[in-house]
Amino acid sequence: MKRVIQPVLRFDVCACVTVDPQTLMNTGGDYRDGLPSAMMPRMLDIEYREGDANDLSDLATRPTPVGLLSRETSGNLDLSPRYRDIMRPLGFRDELRVLLRDRHGAWGALVMGRGDDVPPFGSSDLAVAASLVQPLGAALRRLHLTRLAEESASAVAPGLALLDGDHQVVHVTPTVAMWFDDLAHANGVPSGGHGHGLPPAVYAVAAAVQAPGAAASHTSWMHSRRHGRVRLHAWRLDEPTTTSARTAVVVEQAGPAEHIALIVAAYGLTPRERDITALVLRGQSTADISRNVGLSPYTVQDHLKAVFNKTGVRSRRDLVAALFARHYSPDVAPAVSAPQRRTPSRPTAESG
């Protein structure tokens with residue numbers, strides 16, 4: 001991706017980050033041209049625990065999800081902890097962020113910096129950055145789906161890491177080293193290269209539960225190098241323990257719930273379309289689905305036509321074979337909701 005960007009948008013450092021479209025949590029990326037490894041813990045701590053201008057949740061609310069740090073601070077960059085603690089000590093004059101999204105959601109971000117010895121980012125750079133939002137967002141969405149199709153099951157046991165208040169590892173189970181090495185190499189950096197020994201996505205989910213007012217637990221995921229999609233679950237340990245541990249993080253292969261959530265987001269399925277698809281994959285006929293969700297058979301067929309259009313298939317059999325055969329489980333139950341109005345659609349859905 002950086003080869004696409006560099007000819008049209010000059011930078012001195014650049015990180016290409018992938019995110020969960022539901023939570024905008026870091027799920028990995030390419031950090032090889034990014035900040036020095038020693039700075040990564042502080043960067044992620046600001047992003048997910050302290051907060052700063054131009055964080056990803058802020059960009060997601062904008063019609064054009066592009067932000068220049070100097071503009072957001074009205075030229076007073078010292079207001080930004082990211083500038084004070086990271087950029088200024090490294091000799092960078094400004095930071096440009098671009099949230100990469102398409103009509104189905106946000107899939108990643110570009111974080112770029114320029115040094116003091118080159119011209120600053122200008123209006124023309126912001127225009128170029130804005131032009132990258134949709135095409136690169138769509139490319140990342142397709143990449144997520146390609147990775148899903150290539151995944152295979154892992155027999156490696158889950159790993160547990162206990163972290164202290166500074167996110168230093170105080171205890172691990174035997175498989176943690178393998179998981180962390182796999183996740184670190186997926187980011188294009190050596191394992192243990194972030195000072196604290198945590199891959200960026202692991203650090204992000206751990207920092208998130210320690211943010212002021214945060215929930216006591218948080219779940220995210222990322223793509224690993226050897227074991228496909230991996231679930232990350234962090235808990236804040238409020239009760240006293242025999243160690244200095246303040247956060248627990250479990251790393252394990254992702255299950256059906258994470259797969260179906262990504263598929264739904266990637267193809268833009270509505271909650272109703274998701275429910276009906278789940279019932280189709282359980283082998284239910286149109287008449288059965290109609291009774292279960294409280295819709296007429298004609299409305300059920302209309303929703304199926306919409307699913308076929310969005311996923312590029314023409315039958316129920318194709319839907320299962322092309323999209324869900326490897327990743328879907330009947331244990332993911334649909335949530336029955338109120339009937340919706342019927343809407344016209346063109347392709348013909350198979351009825352049961």
Side-chain angles (χ1 to χ4, degrees), residues 18-25 27 56-57 60-61 65 99 101-107 134 137-138 140-142 144-145 148-149 215 217-221 229 231 233 254-352:
T18 57
V19 301
D20 182 340
Q22 306 298 317
T23 65
L24 298 180
M25 289 293 296
T27 62
L56 299 185
S57 59
T61 65
L99 186 67
R101 69 186 183 195
D102 63 5
R103 63 190 180 91
H104 298 306
W107 304 97
Q134 196 281 330
L140 282 179
R141 178 173 62 86
R142 290 192 295 270
H144 281 304
L145 290 170
L148 275 175
S217 66
H218 193 93
T219 300
S220 187
W221 56 267
R229 200 161 142 90
R231 178 193 294 125
H233 196 108
E258 285 82 13
H259 291 310
I260 191 65
L262 180 59
I263 290 169
V264 166
Y267 284 102
L269 302 185
T270 66
R272 176 62 79 192
E273 291 162 1
R274 188 269 194 199
D275 291 350
I276 290 175
T277 299
L279 294 172
V280 168
L281 297 173
R282 288 169 174 263
Q284 293 196 10
S285 68
T286 297
D288 293 333
I289 296 171
S290 175
R291 287 190 294 271
N292 282 330
V293 301
L295 298 175
S296 74
Y298 299 106
T299 303
V300 170
Q301 288 184 325
D302 282 342
H303 284 299
L304 275 176
K305 293 171 190 174
V307 172
F308 294 169
N309 276 336
K310 291 178 179 180
T311 57
V313 301
R314 299 195 62 81
S315 70
R316 300 182 187 212
R317 180 178 301 173
D318 290 346
L319 181 65
V320 175
L323 301 177
F324 299 101
R326 294 186 184 180
H327 313 296
Y328 192 85
S329 167
D331 293 335
V332 182
V336 176
S337 53
Q340 294 180 336
R341 296 179 61 185
R342 181 184 178 189
T343 55
S345 191
R346 292 180 181 176
T348 301
E350 297 176 6
S351 60

Q: Where is the tightest heavy-atom contact between A60 and L24, given as atom of each residue plus distance?
A: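 Looking at all heavy atoms of both residues, the closest pair is CB-CD1, 3.8 Å.
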
Q: How long is the straight-line distance from CG of N309 back to CD of E273, given to the nearest 0.5 Å?
A: 9.5 Å

Q: Going by the rule ring-ring contact (aromatic ring centres under 6.0 Å, His included), which residues pair with H233 if we only count those two or more places apart in sequence or in a different chain?
A: W235

Q: For V19 and A106, work out which heavy atoms get closest and say how close.
A: CG2-O, 3.8 Å

Q: Kindly compute the distance separating CG (L279) from CZ (R274), expressed to the nearest 0.5 Å.
A: 9.5 Å

Q: Got F308 and R316 here, is their nearest side-chain heavy-atom distance under 4.5 Å?
A: yes

Q: So, the side chain of S290 versus the backbone of T286: is there a donor-acceptor pair under 3.5 Å, distance only?
A: no

Q: Atom CD of Q22 and atom OG of S220: how far apart are they, to the nearest 0.5 Å?
A: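 Between Q22 CD and S220 OG, I get 11.0 Å after rounding to 0.5 Å.
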
Q: With the side chain counted from C-beta on, respond yes when V280 and H303 share a heavy-atom pair under 4.5 Å apart, and no when they do not.
A: no

Q: Return yes if a side-chain donor-acceptor contact under 3.5 Å exists between S285 and D288, otherwise no.
A: yes

Q: Should V307 and I276 count as side-chain neighbours, where that means a heavy-atom distance under 4.5 Å?
A: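 They are not in side-chain contact.
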
Q: When rounded to the nearest 0.5 angstrom, what is the spacing between CZ in R291 and CD in Q284?
A: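 The CD atom of Q284 is 8.5 Å from CZ of R291, to the nearest 0.5 Å.
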
Q: Only one of L140, T18, L99 forms a side-chain contact (heavy atoms from CB on, under 4.5 Å) with W107, so which one is it?
A: L140

Q: Quick one: side-chain hydrogen bond (donor to acceptor under 3.5 Å, both in side chains) partners of S217, sequence neighbours excluded?
A: none

Q: Apply side-chain contact (heavy atoms from CB on, under 4.5 Å) to the pair T270 and K310, showing each step before the final yes or no.
A: CA-CA 11 Å; T270 66; K310 291 178 179 180; 3.9 Å; yes

